[in-house]
Amino acid sequence: MGDNLVIKILRNHLVSGIIEENGSIGIKIDQTLTQDSTGTMAYLQLEAMDIGTVKTKRSVAFVDHNMLQQGFENADDHKFIQTVASKYGVYFSKPGNGICHQVFLERFSKPGETLIGSDSHTPTAGGVGMLAMGAGGFDVALAMAGSEYNINVPKVCKINLIGKLNKMVSAKDIILEVLRRLSVKGGVNKVFEYGGEGVRTLSVPERATITNMGAELGATTSIFPSDERTLEFFKAQDRESDYIELKADEYATYDEEITINLNDLKPMIAKPHSPDNVIEVLDISKTKVDQVAIGSCTNSSYEDLMKVSKILKGKKVHPDVSLVIAPGSRQVMEMLARNGALADIISSGARILENSCGPCIGMGQAPGTDGVSLRTFNRNFYGRSGTLSAKVYLVSPETAAVSAINGVLTDPREMNVDLSIDMPKKFLIDDSMILKPAENNSDVIVCRGPNIKPFPINKPLGRDIKGKVLIKVQDNITTDHIMPSNSKLLPFRSNIPYLSEFCFNTVDAEFPKRAKENDGGIIVAGTNYGQGSSREHAALAPLYLGVKAVLAKSFSRIHKANLINNGILPLEFKDEGSYNSIELMDEIICDNIQDALIKRIVKFKNITNKSEFNTILDLTDKEVDIIRAGGRLNYVKNNS
Ligand code: MIC
Ligand code: SF4
């Protein structure tokens, strides 16, 4: 018997706890990343901790989300992040340098190291054998301050890849197949470790597509071994010295194992409005398409866009289709420009966007009314595109490009193009848009625009928890439902009072008003509550509106941590009947919450319908103390 790769990395980074089933551990974090839409808040929290410069091996701040500068807000936030990064010892990747995950993979990733990022797609770096996890901004700020990162010991599931992909079938189809089999909650408390002979048929960018979208499984992270293909990538990035070989022991054991035969895979598609709503492209081919969008941290690598350019070369985008393309990084864009591929793309009639998240986060390119949009992205949650009536489908770059030409959804295997690419032995290396932190940080003045408002801080927990049920929602509610993002709202990520007016906007626009009129209250939800984005704002806005507890059938990992960090109780229903017994605006009370914290069972009385029910508080002792203190900042201050 031997160790799998995940256990090896965890063991090398273990700071507290024991690696055992259902255990909770603290690990050392080597690197952190932030992006601008969660970063402003993370750096405000870092400042509030008052720790001097960061204690990690390397921390990087990216600007890639809030790129449209329709008013002063985003530009001010970029300046805040640039100056605060410089002051606290953090590298700064300027707007225009690319999407955080793509640039991190190219320039900073390191096999065997740990990374947390204030973005749920941080696992992208698992493509080179990093143990990379998404986290709330506060947890990232704490890691920068040198604290351990706490996680539940995950189950390790091996995904055994055998065979080789057929022509026009791609890495995106592999992860869509995994999502089809396991669903958006199939990965909760698991790490997916890829292995088997099929691994070596996949390049690093292909592996990164898979680990990136592993986030949609609700997984803690996903990881590939680091092998000769990884070395190839590091050599091309002129970072051979960052490479080490990493693999599982020969007789490594796993908690679960799944096999995917790559030879059998077909082009796949996720239908609206969930990434696990997956079928074969052929099943709905000929659906009329209005918009095609290629890019995002899932599919914007040099390799992806070279394939797209080969498909588009000498052809024209269908007259009824708007094709938009956003390369993942400046490195990718410049290489395409220099080798002529960009000219082929432009000549086809594609619209070129800047190297950023763009339409993936609703920063422009919202589809028209009832529009059908095919996207190479990772999320198609309701309303995320900016158009509530739009139908967003997730596909591979091959399917997207071929469909853009035909004007209807097309199985790319219908087109006969040679997509083999000679990968350059050396990528174009120019790190001039990555700014080093100041050598003398006392010289740096942090610029703070007027849109940056203080963030809400909870009060220590009292004797009871009492309130009205302000909203009752179903299963799989995403943080996009709780705290929507689009080009109009994203500029206010550092202004919680304003943002909170839009909390649950696409589900129930009356929620903020109801919360204010009732002096806060309780949220009731189904399974997998808070899946998707890591945005802490989905906890901060409810906190600002006075939410004291969320009662759900189950929680997503990152959102649960965000609730705890903000002192909001995450409670799990014991049975379906309890969930069913509660109605909107019922008044519920637990009159001895302090005692309940010790027992980990919280008993509620429903004053409105005179019933009772129990909920479970599945927290570690430290998390209970954080809740008692009224959130992480109070806890850190009390314990320093
Ligand atoms: C996303 O893809 O949903 C985002 C926007 O990148 C988020 C971060 C955010 O909400 O700012 C994420 O994935 O964590
Ligand atoms: Fe950006 Fe979209 Fe990736 Fe989120 S999923 S980091 S919005 S490209």
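Here the structure is a predicted model, which is why all the values come from computation and not from measurement. The first residue of the sequence shown is numbered 1, and numbering continues consecutively from there. Numbering of ligands and ligand atoms starts at 1, following listing order.
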### Task
Check step by step if side-chain hydrogen bond (donor to acceptor under 3.5 Å, both in side chains) holds for Thr34 and Tyr43.
CA-CA 9 Å; Thr34 56; Tyr43 292 108; 2.6 Å; yes

### His481/Phe381 under ring-ring contact (aromatic ring centres under 6.0 Å, His included): CA gap, chis, key distance, verdict
CA-CA 8 Å; His481 291 107; Phe381 301 144; 7.1 Å; no

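Counting the atoms of ligand 1 from 1 in the order shown, those under 4.0 Å from a heavy atom of Ile361 are 5 (C). Heavy-atom contacts of Ser534 reach the following atoms of ligand 1: 12 (C), 14 (O) (cutoff under 4.0 Å). Contact atoms of ligand 1 toward Arg379: 1 (C), 2 (O), 3 (O), 12 (C), 13 (O) (distance under 4.0 Å to a heavy atom of the residue). Those atoms of ligand 1 with a heavy atom of Arg493 less than 4.0 angstrom away are 9 (C), 10 (O), 11 (O).
Using a 4.0 Å cut-off between heavy atoms, Asp119 contacts ligand 1 through both its backbone and its side chain. Contacts of Met363 with ligand 1, taken as heavy-atom pairs under 4.0 Å, are absent altogether.
The residues Glu47 and Arg448 are annotated as salt-bridged, a charged nitrogen and a carboxylate oxygen being separated by less than 4.0 angstrom. A salt bridge between Asp430 and Arg330 is present, with a side-chain N of the basic residue lying under 4.0 Å from a carboxylate O of the acidic one. Looking at Asp276 and Lys185, no side-chain N of the basic residue comes within less than 4.0 Å of a carboxylate O on the acidic one, giving no salt bridge.
Checked against salt bridge (Lys or Arg N to Asp or Glu O under 4.0 Å), Arg351 has no partners two or more places apart in sequence or in another chain. Partners of Glu501 by salt bridge (Lys or Arg N to Asp or Glu O under 4.0 Å), not counting sequence neighbours, listed by chain and number: Lys516.
Residue pairs meeting the side-chain hydrogen bond (donor to acceptor under 3.5 Å, both in side chains) criterion with at least one partner in residues 68-84, sequence neighbours excluded, are Asp77-Ser494.
Considering Thr38, Asp480, Asn562 as possible partners of Arg535, the one that fulfils the side-chain hydrogen bond (donor to acceptor under 3.5 Å, both in side chains) test is Asp480. Each of Val372, Asn380, Leu409 was evaluated against Tyr393; a single residue qualifies, Val372, per the side chain to side chain contact (heavy atoms under 4.5 Å, CB included) test.
For Gln291 and Arg375, the side-chain atoms include at least one donor-acceptor pair closer than 3.5 Å.
Across Ser120, Ser118, Gly117, heavy-atom proximity to atom 12 (C) of ligand 1 is greatest for Ser120. Nearest-heavy-atom check against atom 10 (O) of ligand 1 across His537, His65, Glu536, Arg535 picks out Arg535.
Shown here are the protein N/O/S atoms lying under 2.8 Å from atom 3 (Fe) of ligand 2, water excluded: Cys297 SG.
Considering only non-hydrogen protein atoms, atom 11 (O) of ligand 1 sits nearest to Ser37 OG, 2.4 Å. The protein atom (non-hydrogen) at minimum distance from atom 8 (C) of ligand 1 is Gln35 NE2, 3.2 Å. If you check which protein heavy atom lies closest to atom 2 (O) of ligand 1, you get Arg384 NH2, 2.9 Å. Of the protein's non-hydrogen atoms, Ser533 OG, 3.2 Å is the one closest to atom 7 (C) of ligand 1. What sits closest to atom 4 (Fe) of ligand 2 on the protein, heavy atoms only, is His65 NE2, 3.8 Å.
Between Thr38 and ligand 1, not a single N/O pair is under 3.5 Å apart.
Using the six-membered ring where Trp is involved, Tyr529 and His559 have ring planes that are perpendicular, over 60° apart on the 30 and 60° scheme.
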